[in-house]
Amino acid sequence: MTEPLVEIKNLRTHFFTDEGVVKAVEDVSLTIPRGKTLGLVGESGCGKSVTALSIIRLISPPGKIVSGSIAFYDDGRKIELTTLPEAEMRKMRGSRIAMIFQEPMTSLNPVFTVGSQIAEAVRLHHRVSSREAWDRAVEMLHKVRIPDAQRRASEYPHHFSGGMRQRVMIAMALSCNPKLLIADEPSTALDVTIQAQVLDLLRDLQTEFGMSILIITHDLGVIAEMADDVCVMYASKVVEYAPVVELFTNPLHPYTRGLFASRPEPGKPKDQKLRTIPGVVPSPLRFPSGCKFHPRCAYAQERCKKEEPVLRRPNLSQIPPSHVVHCHFAEQIEEQEEAAVKSV
Ligand code: SF4
């Protein structure tokens, strides 16, 4: 088994708003293995980004990590991120943990050249001369395959296309050789060919730098391409967690099944309507009782309305121990679905 780089246990992150407490992340436990990619998938508002921002401790008031542990293993040392003093945490950001976002312009300053912004990030964490930091910036632009990197380092963000700006962000994020890269919807704003190039680039850089990646997306195609393990979130909870091939072969939770069923399938008629999961994600201010998915679940029973399930190994012989699910009736649903397939 691969060693963990980050181990999250029972994380709860809440926002204390005037309307009430928004329980954005509830009891989330997951592991990001060293050198591997964990995919966090789910609809908007399910808690994916807040989980990631909790790791890098960028939760601002009225948000707060209420309880739980986030352990970061650095050269044999276990660092508890939830209690690390802010000055230490600042050093971790960039040098150990870096983050890239969907929209690069939220991180790039329009009035400075891209080279100077990357060089500044390098100088923040390393005692190097301006010349060395600049050379590192050019080297990073070259690594993210920006043609004519030496010249383009002196250009401003608005001189770059969306895909190229995303590469600049990746260059900046990786300039200090972090051990964990958090990529929050890194390719969502890009068209499909540029998206494929950015994902290829991330994979190649992961091999070269040996880093772990936490990739956040609502796109199962991106998960299939990038992730080693997948964590499916719904309404602030982890509802299913498995290695990627296992999850794609045997999705068990009704929500995961719904996500898979709503994908377009090759070979199906173009005018065929996609299936959707009925209803909408509940407001985090008013989560339903019991299983939070019950108002949208085709398999819900009385017990689901009253009793919250636990994340557990299902009692199914074909399912490996690494596959866990948050549903009272995962076994019965699987049997029902198998019987339906056989009867066709
Ligand atoms: Fe559906 Fe009940 Fe399972 Fe929740 S616990 S996913 S409502 S069957």
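What you are looking at is a predicted structure, and each value in this text was computed from that prediction instead of being measured. Remember, it's 1-based here, ligands and their atoms both numbered in the order they're listed.
Hydrophobic clustering (ILVMFWY, side-chain heavy atoms < 4.5 Å, transitive): Ile146 and Trp134 are in distinct clusters.
For Tyr234 and Tyr255, the gap between ring centers is short of 6.0 Å.
At the shortest separation from atom 4 (Fe) of ligand 1 among protein heavy atoms lies Cys291 SG, 2.3 Å. Counting protein heavy atoms only, atom 5 (S) of ligand 1 is closest to His328 N, 3.4 Å.
By the criterion of a heavy-atom distance under 4.0 Å, the side chain of His253, and not its backbone, is placed next to ligand 1. The proximity of Cys327 to ligand 1, defined as any non-hydrogen pair under 4.0 Å, involves the side chain as well as the backbone.
Counting atoms of ligand 1 from 1 in the listed order, those under 4.0 Å from a heavy atom of Pro309 are 5 (S).
The pair Glu43-Arg296 counts as a salt bridge, with a side-chain nitrogen and a carboxylate oxygen less than 4.0 angstrom apart. A salt bridge does not link Lys36 to Asp229: none of the charged side-chain nitrogens sits closer than 4.0 Å to a carboxylate oxygen.
Under 2.8 Å from atom 2 (Fe) of ligand 1 lies an N/O/S atom of Cys304, whether from backbone or side chain. Among the atoms of Cys297, an N, O or S atom falls under 2.8 Å of atom 1 (Fe) of ligand 1.
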Using side chain to side chain donor-acceptor pair (under 3.5 Å), reason through Glu246 and Ser322 one step at a time and then give a plain yes or no. CA-CA 9 Å; Glu246 167 59 22; Ser322 51; over 6 Å; no
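The closest side-chain donor-acceptor pair between His142 and Gln150, if any, does not fall under 3.5 angstrom.
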